[in-house]
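What follows is one structure encoded as structure tokens, with my remarks underneath.
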Amino acid sequence: MTVTEHSGLDSAERALFTETIRRAMSAATGQALDIALPELGWPDLLDAAPELVGPVMFRLLGETGAHAPLLLDVLGHAGADPCALPFTGGHWVRWERHESGGDEQTTRSPGDTIDAELPLRRVPDGAVLTARALSEGRRALGWWLLGTGHAMLGLARAHALERVQFGRPLASFQAVRHRLAETLVALDGAEAALLVADEVALDRVPGNPASAALLAKAAAGHAALTASRHCQQVLGGIGFTAEHPHHRHVRRTLVLDGLLGSARDLTREAGAAIRASGTAARIAHL
């Protein structure tokens with residue numbers, strides 16, 4: 001499938017493209033995935049079909065657990081030079097694209113890293129991103145967080161259906177059902193916020209792109225953190241083990257939430273803006 005075919009895809013073509021990307025992300029991650037994706041149309045997709053960037057590319061990164069520096073392409077497309085990214089707590093990090101030797105685990109000092117898998121390295125400072133780049137990056141990260149949340153929900157749901165406790169399936173207990181339901185509600189709410197933010201950014205509905213992106217990432221971060229807590233409770237002890245993938249999604253959630261503003265920081269920023277103006281602006285005119 002070529003890049004020109006991405007624009008104006010019908011439902012069948014979109015499903016085919018989505019499945020192609022899913023297979024690629026399930027088969028490779030890191031530098032290998034970064035090298036493979038241009039053959040599938042990335043980063044030309046940013047111009048040819050921007051409506052697929054978040055819901056397909058970044059959401060699938062979360063659902064599959066893969067990673068690649070697609071965020072750098074999004075920020076670069078928005079006119080920024082993403083040499084360093086703001087991280088929660090007033091810190092800055094650099095996302096290394098292709099590290100020397102091609103081995104992401106051997107070229108970084110442990111003291112400089114914030115995650116065992118993502119090639120993020122602490123740096124002393126960085127340049128403030130433009131408003132457009134910040135909005136584009138937040139929407140992309142929001143979709144990534146949403147996919148990660150769904151990955152955790154899928155793991156917890158499968159465990160609840162398979163696990164038998166006290167002679168009954170774990171899924172039959174009301175407390176377990178409530179945790180899974182609350183997780184799904186949070187994820188669905190975040191998805192709605194992200195869809196609105198995308199519509200505003202694409203000028204399909206009037207609204208404030210910066211505010212919409214801020215609230216969408218805050219909602220996605222909150223939903224993914226909710227998923228990490230509730231799904232851990234459903235999984236129990238197995239969710240803490242190195243053999244189970246849940247802990248990887250939890251770490252990924254904490255890192256992605258911290259990039260370009262955490263859910264807590266963005267919620268406070270939105271609240272401060274409301275206090276200062278005395279009114280809550282309409283995010284989108286639907």
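Just so you know, these numbers come straight off a predicted model, no measurement behind them.
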Exercise. Could you list who else is in Ile238's hydrophobic cluster, with ILVMFWY side chains joined at under 4.5 Å, directly or through other members?
Key: Leu235
Backbone of [Y] reached by a side-chain donor or acceptor of [X] within 3.5 Å:
X      : Y      : result
Thr29  : His67  : yes
Arg138 : Leu260 : yes
Arg139 : Leu194 : no
Arg252 : Ala66  : yes
Asp34  : Pro69  : no
Arg94  : Ala84  : no
Lys217 : Ala140 : no
Ser228 : Leu225 : yes
Glu13  : Asp10  : yes

[Y] and [X], any side-chain heavy atoms less than 4.5 Å apart:
X      : Y      : value
Asp73  : Arg97  : yes
Trp92  : Pro124 : no
His150 : Arg59  : yes
Val196 : Leu215 : no
His222 : Thr226 : yes
Met57  : Trp143 : no
Arg264 : Thr88  : no
Thr148 : Val250 : no

Practice problem: Test side-chain contact (heavy atoms from CB on, under 4.5 Å) on Leu45 and Val56 and set out the steps. | Solution: CA-CA 11 Å; Leu45 199 68; Val56 175; over 6 Å; no
Heavy-atom closest pair, residues [X] and [Y]:
X      : Y      : result
Val74  : Gly137 : CG1-N, 4.2 Å
Gly207 : Pro209 : O-CD, 3.4 Å
Ala24  : Leu40  : CB-CD1, 3.7 Å
Thr64  : Leu60  : OG1-O, 2.7 Å
Ala263 : Ala218 : CB-O, 3.5 Å
Ala78  : Glu136 : CB-CG, 4.0 Å

With rounding to the nearest 0.5 angstrom, report the [atom1] to [atom2] distance, [X] to [Y].
X      : Y      : atom1 : atom2 : answer
Glu96  : Gln31  : CD    : CD    : 12.0 Å
Leu180 : Thr183 : CG    : OG1   : 6.0 Å
Phe87  : Ile114 : CZ    : CD1   : 4.0 Å
Asp81  : Leu72  : CG    : CG    : 10.0 Å
Arg132 : Leu134 : CZ    : CG    : 13.0 Å
Asp115 : Leu120 : CG    : CG    : 7.0 Å

Show which side-chain atoms of residues 151-163 pair as donor or acceptor with protein atoms under 3.5 Å away, not counting sequence neighbours.
residue : atom : partner : partner atom : Å
Arg163  : NE   : Gln165  : OE1          : 3.4
Arg163  : NH2  : Gln165  : OE1          : 3.4

Practice problem: Begin with the C-alpha distance, continue with both residues' side-chain angles, and end with the deciding distance and a verdict on side-chain contact (heavy atoms from CB on, under 4.5 Å) for Leu33 and Leu61. | Solution: CA-CA 10 Å; Leu33 180 60; Leu61 282 176; 4.0 Å; yes
[X], [Y]: one ILVMFWY side-chain cluster at the under-4.5 Å cut-off?
X      : Y      : answer
Phe166 : Val234 : yes
Leu254 : Leu187 : no
Leu129 : Trp95  : yes
Val123 : Leu71  : no

Quiz item: Do Leu70 and Leu37 pass the side-chain contact (heavy atoms from CB on, under 4.5 Å) test, and can you show the C-alpha distance, the side-chain angles, and the key distance before you say yes or no?
Solution: CA-CA 10 Å; Leu70 307 189; Leu37 285 178; 3.6 Å; yes
Quiz prompt | Stepwise side-chain contact (heavy atoms from CB on, under 4.5 Å) test for Arg179 and Val176 | solution = CA-CA 5 Å; Arg179 288 190 181 274; Val176 171; over 6 Å; no
Self-check item: Asp265: salt bridge (charged side-chain N to carboxylate O under 4.0 Å, His left out) partners, not counting sequence neighbours
Solution: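 Once residues adjacent in sequence are excluded, Asp265 has no partner under the salt bridge (charged side-chain N to carboxylate O under 4.0 Å, His left out) criterion.
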